[in-house]
Structure formats: structure tokens, C-alpha cells
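First up is the structure itself, then whatever we jot down about it.
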Amino acid sequence: TLETAVIGVFTALDLILYYVFFEAMLVPMYALIGVWGGENRRYASIKFFLYTLVGGLLMLVAILYLYFKAGAATFDYEALRGLSLTETEQVWLFLAFFIAFAIKVPLFPFHTWLPDAHTEAPTIGSVDLAAILLKIGGYGIIRFSLPYFPDATQSLAPTIMALAVVGVLYGALVAMVQPDIKRLVAYSSVAHMGFVVLGVFALNVQSTAGSVVQMVNHGLSTGALFILIGFMYERTHSRKIADYSGLAKATPVFGGLFLVVALSSLALPGLNGFAGEFPILLGAYQTVPWAAVAAAFGVIFAALYL
């Protein structure tokens, strides 16, 4: 069911169908966390459900407004894209769409559901969240927010870039002090997805292309981290970093694999994370230099927490 909903989100060109698939993802993911999750699974699953549901409802209101504004009574993607909207209309509609996508990304300060969901979800749930579901937010921003509301995008881009930079630094700093290894990786996702939003709203071809690559790379590296952590948890029933001292000595092959995945996550040149983050920073520096410089500290912090 989850796979069907995700495929529907990435292929739907009818906005109401897109919304149906967008919300349909909630049910199987809610079940994955709420039924097979950890000790606080109910709290985490309800928080995840409510956050995403509220964002989706805001988007539904905006979709219906576009439907009635079109006059031709259509939800077709291309038909609605050609609508003539005032700047005020664009701003409000942009915000309705953007909040739904920002919760999914998740962008600071809409991120608070993610650490709980990741920590309590079973391994497969964490992998699904990190590798696929978070990318729906980035996809939605590129697919809908930018082409539908170009004027609002231009005017709100500096504010959103500031939030993205805060997300990069905040996610990295909080990850550094986590004693729980799964929660550490969850906060690292907040930082990495902050790079994605930064690249998109730098409104630069190079940085946007880097954001698309980074979404794929984040899914690979963070998904792999959650799988490796799942292996460890199944054998030790502990997520405390302090309990794994000497892991490389006891399991050298596993330790080496873990090291390579961690290095890819912190964007070491030559590994996949670098191919996404470097173009984002290059492109962002061409349009908003301060944001690129500030976000670059997120890479340094990533080396510390990973």
C-alpha cells in the first residue's frame, strides 16, 4: 500500500489524485510505527500522522482554490499551471502548499515529528521514511511551489533559505549531543534535507540540480545507516552509542562498511554525498553567498557527529 501511494505521488498529474496519494501514505506508515515500533510508538505515530495530515489539508484548500479559480473545473497539472494569479494570491497559495511540503521534508521548525518517528519506527519504517517519504517534500516544492507561484517564490526565497540554513546548523548541532545512535541519524536528516531546500530556493540551476542529486544520495546513505543500525539493534537490543565501543575490532568488515556509509553521509569527496552537497553550495554562493558560507559549517559539524 505504501509503495503504491508513493508511486502515485511521483506520477500523478491530476492535483486531486496527487492529494489522495499524498494522504494515503499516512495510513501504512502510521501502522508501521504504531504497531511494530518501539516503546513510545503510539506517541510517535500519532504525532507523525497529525503533522502530515494538517499540512495536507492546507494543501487541499489551495488545490480547491485553484480549481475554482480556473473556471474550467479541472485539476489538470498543466491547465492550472497557466492560471493568472495576483501576488497576494500567490503568496497565500504558496504558503499552503509549502507548509505541507516543509513538514514532509522536514524543514525547521516543522521537523519535530521526525526524530520521534525515526527513533520509534522499526528498521524498515526508518528506511522508508529516510529514503523515500522525505523526498516527497522536496519533489513537491520543485514540482508545484516553484512553477505555480513564481512571484511568491522570488519574494519568500530569502526567508526560506534562512530557515534552511538554521535547519542545517540546528540539525547538526543537536545530532552531536545525541546518546541514541538512531536519533543522531534522524537529526542528521534534518541537516541534510536543509541542504536540499537551500539548493532549491537559491533559484540557481546548479544548486537545484544538486538538490535533486542530494535527495537521491541522502536516501542511499541514510537508508544504509538505518539498515546497519538495525543489524546492531537486533543483536544487542541497544541504541546507545556508548554500548558499541570497539565495534570495528569485534566485526571488522561490518565496521569498515559502517565507516564508508558514514563518510558518504558527511559528503567526503569521491563518495555520493559530495556530488549533491558541493553543487548546492556552489550554486547558492553565486546567488546568496552568506547562506552558502553558513551552511558549509554544517559539513564540518557532520564530520564531528558522524
Side-chain angles (χ1 to χ4, degrees), residues 2-3 5-10 18 21-26 28-30 32-33 44-45 47-49 51-53 55-56 59 97-145 160 163-164 167-168 170-172 174-175 182-201 208 210-227 229 264-265 267 272-273 276-277 280 298 302:
L2 183 60
E3 184 179 2
V6 168
I7 292 171
V9 163
F10 287 123
Y18 173 83
F21 283 125
F22 187 88
E23 296 290 41
M25 290 182 302
L26 292 181
M29 198 66 225
Y30 173 85
L32 268 175
I33 300 171
S45 59
K47 191 174 183 180
F48 159 75
F49 189 89
Y51 260 74
T52 313
L53 181 67
M59 183 171 66
F97 272 89
F98 180 73
I99 289 171
F101 301 141
I103 291 170
K104 267 279 195 282
V105 166
L107 178 68
F108 177 91
F110 305 102
H111 68 284
T112 58
W113 64 269
L114 183 70
D116 293 315
H118 267 318
T119 304
E120 300 304 327
T123 298
I124 187 61
S126 294
V127 173
D128 282 343
L129 269 174
I132 303 169
L133 298 195
L134 303 190
K135 310 306 175 288
I136 288 166
Y139 167 81
I141 291 170
I142 296 170
R143 184 66 150 169
F144 296 98
S145 298
I160 295 170
L163 288 177
V168 169
Y170 168 84
V174 176
K182 210 173 182 188
R183 207 167 180 86
L184 182 153
V185 178
Y187 276 107
S188 80
S189 289
V190 176
H192 287 133
M193 294 306 291
F195 273 106
V196 171
V197 176
L198 173 66
V200 172
F201 283 94
T208 304
S211 293
V212 174
V213 173
Q214 179 63 7
M215 283 194 278
V216 176
N217 291 338
H218 174 264
L220 292 170
S221 57
T222 306
L225 278 174
F226 278 123
I227 290 172
I229 291 167
S264 78
S265 186
N272 65 341
E277 287 187 14
I280 289 171

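For this chain, numbers begin at 1 and follow the sequence in order.
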Practice item. Report the residues that fulfil side-chain contact (heavy atoms from CB on, under 4.5 Å) with Tyr30, sequence neighbours left out, ordered by chain and then residue number. Key: Ser45, Ile46, Phe49
Check your understanding: Among all residues two or more places apart in sequence or in another chain, which pass the side-chain hydrogen bond (donor to acceptor under 3.5 Å, both in side chains) test with Ser126?
Key -> Lys182
Exercise for review: Any pair with a residue in residues 106-119 that passes salt bridge (Lys or Arg N to Asp or Glu O under 4.0 Å), sequence neighbours left out, goes on the list, sorted by first then second residue, please.
Suggested key: Lys47-Asp116, Asp116-Arg183
Exercise for review: May I have the step-by-step check of side chain to side chain contact (heavy atoms under 4.5 Å, CB included) for Phe101 and Phe22, ending in yes or no?
Suggested key: CA-CA 10 Å; Phe101 301 141; Phe22 187 88; 4.3 Å; yes
Practice item. Write down the atom of Ala100, the atom of Gly55, and the distance for their closest heavy-atom approach. Key: CB-O, 3.1 Å
Exercise for review: Not counting sequence neighbours, which residues clear ring-ring contact (aromatic ring centres under 6.0 Å, His included) with Tyr170? List them please.
Suggested key: Phe108, His111
Revision key, fill the gap. When rounded to the nearest 0.5 Å, the distance separating CZ of Phe10 from CD1 of Ile132 is 8.0 Å
**Study point:** Thr123 side chain near Ile229 side chain, heavy-atom distance below 4.5 Å
**Key:** no
Revision key, fill the gap. dist Met193:CE -> Leu198:CG (nearest 0.5 Å) comes out at 12.5 Å
Exercise for review: Specify the closest pair of heavy atoms between Ala191 and Ala172, including all atoms of both residues, with the distance to one decimal.
Suggested key: CB-N, 3.9 Å
**Study point:** Side-chain donor or acceptor of Trp113 paired with backbone N/O of Ile103 under 3.5 Å
**Key:** yes
Practice item. With rounding to the nearest 0.5 Å, note down the distance linking CG in Leu107 to CG in Leu134. Key: 12.0 Å
Practice item. Working to the nearest 0.5 Å, report the span between CD of Glu277 and NE2 of His218. Key: 9.5 Å
**Study point:** Criterion side chain to side chain contact (heavy atoms under 4.5 Å, CB included) against Ser189, the qualifying member of Thr222, Val105, Leu225, Leu129
**Key:** Thr222
Review point. Taking the inter-plane angle between the rings of Tyr18 and Tyr139 on a 0 to 90° scale, is it parallel (under 30°), tilted (30 to 60°) or perpendicular (over 60°)?
Key: tilted
Exercise for review: Could you pull out all residues at least two apart from Phe201 that satisfy ring-ring contact (aromatic ring centres under 6.0 Å, His included)?
Suggested key: Phe98
Point to revise | Residues that His118 engages under side-chain hydrogen bond (donor to acceptor under 3.5 Å, both in side chains), provided they are two or more places apart | key: none
Review point. Between Lys135 and Ala130, is there a donor-acceptor pair closer than 3.5 Å when you use the side chain of the first and the backbone of the second?
Key: yes
Practice item. Taking side-chain contact (heavy atoms from CB on, under 4.5 Å) as the test, write out the residues that go with Ser211, two or more places apart. Key: Val196, Val200, Ile280
Revision key, fill the gap. What one should report as the nearest heavy-atom pair of Leu133 and Lys104 is O-CD, 3.6 Å
Point to revise | Ile7 and Phe21, any side-chain heavy atoms less than 4.5 Å apart | key: no
**Study point:** Residues forming a side-chain contact (heavy atoms from CB on, under 4.5 Å) with Ile124, sequence neighbours excluded
**Key:** Leu32, Pro122, Asp128
Point to revise | From CD1 (Ile136) to CD1 (Ile141), nearest 0.5 Å | key: 12.5 Å
Review point. About how many Å separate OG1 of Thr52 and CD of Glu23, when rounded to the nearest 0.5 Å?
Key: 8.0 Å
